[in-house]
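Structure first, commentary second.
When reading the values below, keep in mind they use all heavy atoms of this one structure, side chains included, and skip hydrogens, waters and symmetry mates. Chain A is the first sequence line, chain B the second, and so forth, proteins listed ahead of strands; every chain is numbered from 1. Just so we're clear, the structure is a prediction, and the values are computed from it rather than from any experiment.
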There are 2 protein chains.
Amino acid sequence: MRNDPHPIPGGESLLFLTDDQIRRGIEAMYFAYRAFTADPDLILEEIGYGRAHHRALHFITRDPGLTVTALLEVLGVTKQSLNRVLRTLIEDGLVDSRVGRRDRRERQLHLTEKGVALERRLSEAQRARVRAAYRAAGPQAVAGFRQVLEAMMDGEMLAQFRALREAPDQRLAPRRAGSAG
Amino acid sequence: MRNDPHPIPGGESLLFLTDDQIRRGIEAMYFAYRAFTADPDLILEEIGYGRAHHRALHFITRDPGLTVTALLEVLGVTKQSLNRVLRTLIEDGLVDSRVGRRDRRERQLHLTEKGVALERRLSEAQRARVRAAYRAAGPQAVAGFRQVLEAMMDGEMLAQFRALREAPDQRLAPRRAGSAG
DNA sequence: AAGGATAGGGCAGCCTTGTTGACTTTCCAA
DNA sequence: TTGGAAAGTCAACAAGGCTGCCCTATCCTT
């Protein structure tokens, strides 16, 4: 298992599949993810929030009016965990939780002006880094980056990711189809 | 700031730098990182360890005999935080902490057989996913993936990352007197 | 030989953000 | 009307970050 021992008949060089290359990719992913979160983390620290707050603000911005359950599924955490974060955002006047119209058990989540302002500040910081990296690497590299990231996701997660793209302002929730918690 | 308003005179299409594309990249990074850690997380949970244990095992494997301080710098955490994790690994007989030869204040970290076995199991699980993603995306996409990840790192982190590459079995730390590791 | 600097570690205690379990409110269907 | 299911909330615990302070052993310089 030290080096990929499968010179698959097909022509192309498979050197990019050696264990060493894979391991370098794993390390790059680890370091890059730390860099990726570093800028918003600084802002969050100022105001006593954490990454979980940023994530909630992001997906509420992405899909205004989504329910707690829908947000839960996107984030892949338990509702208790999300609830704590959401409660502080609501108490601090960044998120508005409205009783659902079609189902009064549901809460529909929107950002307040203050919430929009913070979300924008956080996103801008994060986007600046990603934009710089994209610009430095060029469009072809970016296409490859996206391809590999998507190929890393499993089926259910990929579906969630694509659902965000395809239904930019649509509720994700109502499908009864079972998805694990 | 909604869409990149800089049609830089230079020719290429800059559509890959729109805020929308950047945001998709950010979301892809978020989901992919979750997928990326999912497989080892399952194994770690079985035995009551966390990601921090995996990271320590990884970098000790990467650079056997490295000191606590060197590991600290690679991981970017505090001594106290690392120490808790390292202590359990040593107590459980996965890591061996030997007094340094050239400097007896230092502790040189090695994996035991048991440690090697666990690290291999964790790495194999993670590599399997990355390898599958690489294979699916192809060598050109992988090159782009790596380019973007490196472009995301800041200078110091990039230096650390490259130091791992260039000195695969060398101490990262002070190099007082050159002695075999 | 003495004193400061460095490597490593321990303890106390804080925070965020995961987790499970138990609970209320609301809806819907038998 | 009643009972189950679903949405959301509250309580308590754990992992693993963090800081602060203290301690020993070991270097290294004076």
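- At C/dT17, none of the side-chain N or O atoms of A/S81 fall inside 4.0 Å of OP1 or OP2 (strictly under the cut-off).
- At a threshold of 4.0 angstrom between heavy atoms, the contacts of A/G48 are confined to the sugar-phosphate backbone, with no base atom among them.
- B/G76 comes within 4.0 angstrom of sugar-phosphate atoms only, judged by non-hydrogen atoms across all strands, and of no base.
- A/L86 places its CG atom 16 Å from the P atom of C/dT16, with the value rounded to the nearest Å.
- Contact annotation: B/R104 side-chain N/O to D/dT26 OP1/OP2 distance is under 4.0 Å.
- Contact between the side-chain N/O atoms of A/H53 and the OP1/OP2 oxygens of C/dT17 is found at a separation under 4.0 Å.
- When all heavy atoms of B/A56 and B/V85 are compared, the closest pair comes out as CB-CG1, 4.5 Å.
- Nearest-nucleotide positions on DNA chain D place A/D103 closer to the 5' end than the other of A/R87 and A/D103.
- Where A/R51 and B/S97 meet DNA chain C, the nucleotide closest to each residue was compared, and B/S97 sits on the side nearer the 5' end.
- Taking 4.0 angstrom as the limit, B/R55 places a side-chain polar atom (N or O) nearer than this to OP1 or OP2 of D/dG17.
- Across all strands, B/R84 comes closer than 4.0 Å to base atoms (heavy-atom distances).
- Put simply, B/T69 has no side-chain N or O that comes within less than 4.0 Å of OP1 or OP2 on C/dA7.
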